[in-house]
2 protein chains.
Amino acid sequence: MDQAQSHSTADFKSFQADFPHQGRAIYETLFERNKDRITTNKAKFAVVNLERIFSATFELTPRIGFPVMSLRDLSRATGLSMGGIYSYIESKERIAIMVKDLVKLVTEELLARAKDLSDPRTALETAIREHIFATEILQDWFSFLYFETRSLPHEHQEESKNIELKLETALHELIDQVRQSRDIECGNSPIIATTLIALIQDRYLKPWKHSKSGESADDYAQRVLALMHCAIEHP
Amino acid sequence: MDQAQSHSTADFKSFQADFPHQGRAIYETLFERNKDRITTNKAKFAVVNLERIFSATFELTPRIGFPVMSLRDLSRATGLSMGGIYSYIESKERIAIMVKDLVKLVTEELLARAKDLSDPRTALETAIREHIFATEILQDWFSFLYFETRSLPHEHQEESKNIELKLETALHELIDQVRQSRDIECGNSPIIATTLIALIQDRYLKPWKHSKSGESADDYAQRVLALMHCAIEHP
DNA sequence: GTCTATATTCGGATAGAC
DNA sequence: GTCTATCCGAATATAGAC
């Protein structure tokens, strides 16, 4: 379509090849963005220990929930001592805040990319497809934020809700644009946006279902887009 | 359609008029089913205090989560003392177990009703419509169970997952039947069932969104069914 | 049938040694 | 840069009074 794009990211494989927020790069980002709160100064140490902390958190919380996961649990699971953990976080809730920050960063980057595309229909499809792909890669992070938002301090809780609200508004505006270009009534565009978000979330919230069905991220995205177009055309 | 049905429950109003699990009836059911665990013997006292306990729980937990809600919080919110509360529950987790029991009871009743209908298409539509209606009435209960399943003891946790699994299997079988009668390939029926459940859940999990949009339960059901038929017809 | 007072356990956080 | 030892507050649960 747009030749200005250097290469297509329309399928999961090529999206993943370019996606920056994977593996240790995530923890380098986290370290950079929290340098002042982390007493350990060397990235070398920090990156490996941050990875331990978040891997353990994502192993424990889906089973028992963040409030029930004690820092002693975390200490056991990471191999770090209580004191060791506290040199990376100044309080337990900071773990949740860091997750929120990363999810916010990623979501905003994806949305900005999609909005840059000139054709509304392409922008809409790209936004949805890339969200499905990114949440596939960062399943733990998005799922954690969804279930543990209530563990965040008030202001960060608001920010977390705003991540979803911004995405929803953007989708709804894009749907309006697509519809206007084809003279379709726009009345229920917000509800379609809500539904699209529900479908994006369902995949990362219930990986056991979706991996059991064996449907690939590409096929899932395809199916969601087909349903969307059906809904857009029948207001 | 089926004249054996004494009256239609195809719209929310008439469904609600017949639905037994509302208001104090819920707590009478709860008392009956937990008589042996409750030290208070008079239904008169029990019903009013159970209502206090669950109303307070549904006010507190959506904001802070069940593990963070202390029995002292609950004591303050209900006006009952710690000891008073413990004459209705023998442990904190019993609150969550009782919610699970009621949700299980309601879900199974609805599913049994729908399956009794002879026409697969009507059964499928009824199952979905009535689930949307029932979860509208029992929003607090269903939402609590979704978010707080992890607070249940292991065996009850399994039972909670099975509620959803049974519904999913039933929907997928009904979709297969509808498709077979029209010579449509059945390959992705399980995924459609998963999607339908996601849409049913989205409405009770995010009431603020759906009530803001102002879409009625009837309209929502209509729209979900339209999407479903679109998906059924394009495998 | 309900309340007050209390036993007991456990979790978050920190100070100072290594 | 990390660990050990410890403090303190809070939560569940219960015993016995009213």
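Each chain gets a letter, A, B and so on, in the order its sequence line appears, and its residues count up from 1.
Within residues 39-52 of chain B, the residues that place at least one heavy atom under 4.0 Å from DNA chain C are, in residue-number order, B:T39, B:T40, B:N41, B:K42, B:F45, B:N49.
B:L30 CG to B:D101 CG: the interatomic distance, rounded to the nearest 0.5 Å, is 8.0 Å. Distance check: A:N41 CG to A:K35 NZ gives 8.5 Å after rounding to the nearest 0.5 Å.
Evaluation of the ring-ring contact (aromatic ring centres under 6.0 Å, His included) test over residues 91-112 of chain A, restricted to residues two or more places apart or in two chains, returns none.
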Please list, one pair per line, the donor and acceptor atoms closer than 3.5 Å that link side chains of residues 92-100 of chain B to other protein atoms, with sequence neighbours excluded.
from, atom 1, to, atom 2, distance (Å)
B:K92, NZ, B:F66, O, 2.8
B:K92, NZ, B:P67, O, 3.3
B:K92, NZ, B:M69, O, 2.8
B:R94, NE, B:E90, OE1, 3.4
B:R94, NE, B:E90, OE2, 3.3
B:R94, NH2, B:E90, OE2, 3.2
B:K100, NZ, B:E159, OE1, 3.1

Can you check nucleotides 5-11 of chain D for protein contacts, nitrogen or oxygen pairs under 3.5 Å, and list what you find?
none

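With a heavy-atom cut-off of 4.0 Å to chain B, the contacted part of DNA chain C has its first and last nucleotide at C:dG1 to C:dT4.
A tilted orientation is assigned to the rings of B:W141 and B:Y27, their planes being inclined by 30° to 60°.
Here A:E168 pairs with B:K209 under the salt bridge (Lys or Arg N to Asp or Glu O under 4.0 Å) rule; sequence neighbours left out.
Contact check for B:I191 versus B:H172: no side-chain heavy atoms found under the 4.5 Å cut-off.
In this structure, B:I89 places its CD1 atom 8 Å from P of D:dA13, rounding to the nearest Å.
The only member of B:I132, B:I137, B:D219 that meets side-chain contact (heavy atoms from CB on, under 4.5 Å) when paired with B:F12 is B:I137.
Distance alone, capped at 3.5 Å, places no donor-acceptor pair between the B:T78 side chain and the B:R52 backbone.
Between B:H131 and B:F133, the distance from one ring center to the other does not fall under 6.0 angstrom.
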